[in-house]
2 protein chains.
Amino acid sequence: MASKNKAGPAPAWQATGAATLIDVARVAGVSPITVSRALNQPELLTEKTLAKVAAAVLSTGYVKNMVAGALASNRSKLVALLLPTIANTIFADTVQAATDTLAASGYQVLLGLSGYETAREEALVETILSRRPDGIIITGTSHTELTRQRLLQARIPIVETWDMTPTPIDMLVGFSHEAVGAAMAAGLLGRGYRRFAILTLDDPRGARRNAGLVAALTEQGVTVVNTDTLPAPATMPLGREGAARLFAAPKKRRPDVIVCSSDTLALGAMTEAASRGLRVPEDIAIMGFGDLHYAAHTVPPLSTVSIDGAAIGRLAAQRLLDRFNHVAMPAAMRVTDTGFQLLQRGST
Amino acid sequence: MASKNKAGPAPAWQATGAATLIDVARVAGVSPITVSRALNQPELLTEKTLAKVAAAVLSTGYVKNMVAGALASNRSKLVALLLPTIANTIFADTVQAATDTLAASGYQVLLGLSGYETAREEALVETILSRRPDGIIITGTSHTELTRQRLLQARIPIVETWDMTPTPIDMLVGFSHEAVGAAMAAGLLGRGYRRFAILTLDDPRGARRNAGLVAALTEQGVTVVNTDTLPAPATMPLGREGAARLFAAPKKRRPDVIVCSSDTLALGAMTEAASRGLRVPEDIAIMGFGDLHYAAHTVPPLSTVSIDGAAIGRLAAQRLLDRFNHVAMPAAMRVTDTGFQLLQRGST
DNA sequence: CTGTTAGCGCTTTCAA
DNA sequence: TTGAAAGCGCTAACAG
């Protein structure tokens with residue numbers, strides 16, 4: 001071994017900036033593969049060897065390079081999380097829970113925000129797949145044919161979320177939006193409302209909730225008197241304007257209840273009602289969706305459908321982890337219905 | 001070239017599942033590097049060559065492997081985004097804006113949620129750095145010494161956000177929390193309040209806002225009559241309980257205004273006030289922080305400090321992109337104060 | 001405008 | 001329990 005005294009020149013890794021596994025190996029006096037094992041499967045090595053490596057890691061300031069590791073091992077320890085948007089929405093809890101669950105097992109999250117157009121999702125999926133994630137959590141079940149194909153060809157576990165379908169790509173954690181619509185219909189009909197208006201975003205899942213609502217109403221001989229479809233994203237002013245239009249409609253199209261596709265729109269509608277001196281729910285009832293944390297604290301408290309977003313994130317992540325670890329998964333577990341809760345509060 | 005007729009066996013890439021650049025090159029009848037160029041620098045190639053490659057990409061179903069690309073080029077096209085949390089918070093807009101801005105330039109976001117403990121941040125930073133991101137956007141300016149060191153050693157552009165300091169690690173986009181506190185003091189003193197209580201989370205930035213508030217009050221000879229520090233995360237029930245304690249305090253510690261470290265806590269405090277028949281702001285004034293989208297729609301509308309989270313995200317991302325593209329950056333631009341707005345609404 | 005050569009930093013596979 | 005050789009899929013650097 002070359003003498004390495006105080007007078008010697010700075011070692012290579014110090015000059016270059018980034019120490020590699022090889023630098024660590026050299027300093028520790030072992031082979032590179034031993035360093036790799038010390039970091040990834042320490043149980044295979046002697047205490048003594050581990051100590052040598054640990055010291056070398058410290059003295060070199062070595063930081064693992066997972067890019068090289070991923071290429072060599074064909075496992076990236078990366079999970080892609082695809083959502084329409086994260087701003088002002090119900091998905092935040094899902095992201096938090098999924099990230100936490102995955103992090104606990106050493107996986108990191110690659111975030112993809114796809115907007116609400118399937119075309120953008122298509123492009124995003126291609127980019128994301130180029131990172132070779134070990135698994136994917138994707139929002140919704142309606143994707144373009146190309147997206148489905150690519151996802152399938154990637155041959156990695158996929159979890160679709162926040163929706164329900166009999167034909168998932170792979171696994172699924174969510175709930176039925178049609179069922180949500182039907183539950184709203186039942187709850188509101190039960191309270192005596194008969195003149196329904198819908199204030200909705202231009203969003204596929206919202207559309208399916210509306211379809212479920214309309215179907216259940218039709219079954220009872222009740223028809224929707226008015227529908228206003230708004231461009232995403234949901235904002236309160238948007239909800240307020242939409243409600244204003246509904247209130248201004250000719251008398252025979254004026255509702256006694258407004259079903260909104262999100263709490264945010266609903267809160268806007270409540271504001272508009274208040275500004276017109278309309279009492280909620282006596283003059284006009286209002287229902288939201290999402291159970292954002294303020295929903296119970298509006299005046300009157302907002303009726304809404306509560307979704308456990310954190311549970312969805314946690315379960316979706318867990319399904320992936322189980323697959324990674326080759327845990328046996330009965331066919332029934334590939335689809336998990338997390339359900340929802342219809343909360344009738346003061347506004348209906 | 002070997003004859004490749006209809007009768008021939010399926011090509012290798014079809015058997016293996018994933019086509020590589022080499023497979024594409026073979027099919028296109030060009031060299032691998034030409035395929036690489038066709039994908040990354042098409043302007044260097046002939047229309048004709050591009051067409052051949054495009055056809056081969058299609059027929060092989062090739063999906064770029066950015067893991068290998070990152071290793072070879074030492075550029076990952078990945079930006080790490082580190083936040084305390086994403087659930088129920090003001091950071092959502094920042095994430096959305098940063099992600100959008102970066103995506104437009106072909107960068108993807110690696111999400112890291114660090115919690116509010118610097119120790120967890122430390123571990124997270126190490127993991128994140130092992131992915132060799134091209135840049136980092138990190139929340140806050142108070143990190144452990146080890147974190148700072150590692151960040152510095154990574155020799156990549158760093159943007160700290162949502163805070164202000166004279167000594168950033170590299171670049172900074174944010175605002176001064178001390179200034180926020182001072183502005184709150186000025187605004188509230190101006191409305192005649194003299195008995196201040198603080199309802200705050202155990203969070204470093206909140207603490208600095210409080211410090212700014214207290215300093216400004218002290219200057220005017222006003223002291224804080226009571227402070228209640230709550231464990232993160234902020235929830236409305238937590239705010240409500242905190243407010244209840246403040247209201248139940250002995251008379252001489254009872255406030256005429258409660259300054260909350262977040263809108264969520266403030267909304268809880270308003271609920272507690274209402275439940276006790278206290279009028280806001282006549283009996284008790286309340287101020288929040290964050291300007292969550294419901295703040296203007298509470299009853300009465302919540303006074304708060306508005307932060308443009310989207311601007312922070314967009315600017316932070318832009319600073320990184322400028323660095324990546326070697327855009328000249330005057331020293332002054334390394335620190336950007338995005339400011340804030342004190343909104344006195346009905347609750348004060 | 002296109003190709004050749006070499007190698008990024010790690011892990012797999014086999015061998016000792 | 002440790003090591004040697006080979007190679008993951010791509011791109012930098014240079015050549016033509």
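Just so we're on the same page: letters track the sequence lines, and every chain starts at 1.
For B:Ile33 and D:dA13, the CD1 to C1' distance is 10 Å, given to the nearest whole Å. Atom CG in A:Leu71 sits about 12 Å away from atom C1' in C:dT12, given to the nearest Å. A straight line from CZ of A:Arg131 to P of D:dG9 spans 17 Å, rounded to a whole angstrom. Distance B:Met66 CE to D:dC10 C1': 12 Å, rounded to the nearest Å. Atom P of nucleotide D:dG7 and atom CG of A:Asn74 are separated by 16 Å, given to the nearest angstrom. Rounded to whole Å, the distance from CG on A:Asn65 to C1' on C:dG7 is 14 Å. Distance, A:Leu21 CG to D:dC8 P: 19 Å, rounded to whole Å.
Place A:Ala72 and B:Arg75 on DNA chain D by their nearest nucleotides, and A:Ala72 ends up nearer the 5' end.
Side chain of B:Thr127 to main chain of B:Ala123: a donor-acceptor pair is present (N/O by atom type, distance under 3.5 Å, no hydrogens or angles). Here the side chain of A:Thr46 pairs no donor or acceptor atom with the backbone of A:Thr49 at under 3.5 angstrom. Put simply, the side chain of A:Ser76 gets close to the backbone of A:Arg132: a donor and an acceptor are under 3.5 Å apart.
Residues A:Thr85 and B:Gln96 bring a donor and an acceptor atom of their side chains to less than 3.5 Å of each other.
Of the residues in residues 37-58 of chain A, those with a non-hydrogen atom less than 4.0 angstrom from any atom of DNA chain C are A:Arg37, A:Asn40.
OP1 or OP2 of C:dC10 has not a single side-chain nitrogen or oxygen of A:Ser36 nearer than 4.0 Å. When the side-chain nitrogen and oxygen atoms of B:Ser31 are compared with OP1 and OP2 of C:dG3, one or more of them lie within a distance under 4.0 Å. In this structure, A:Thr34 reaches the D:dG3 phosphate: one of its side-chain N or O atoms is under 4.0 Å from OP1 or OP2.
For B:Phe324, the ring pair (Phe, Tyr, Trp, His ring centres under 6.0 Å) partners two or more places apart in sequence, or in a different chain, are B:Tyr107.
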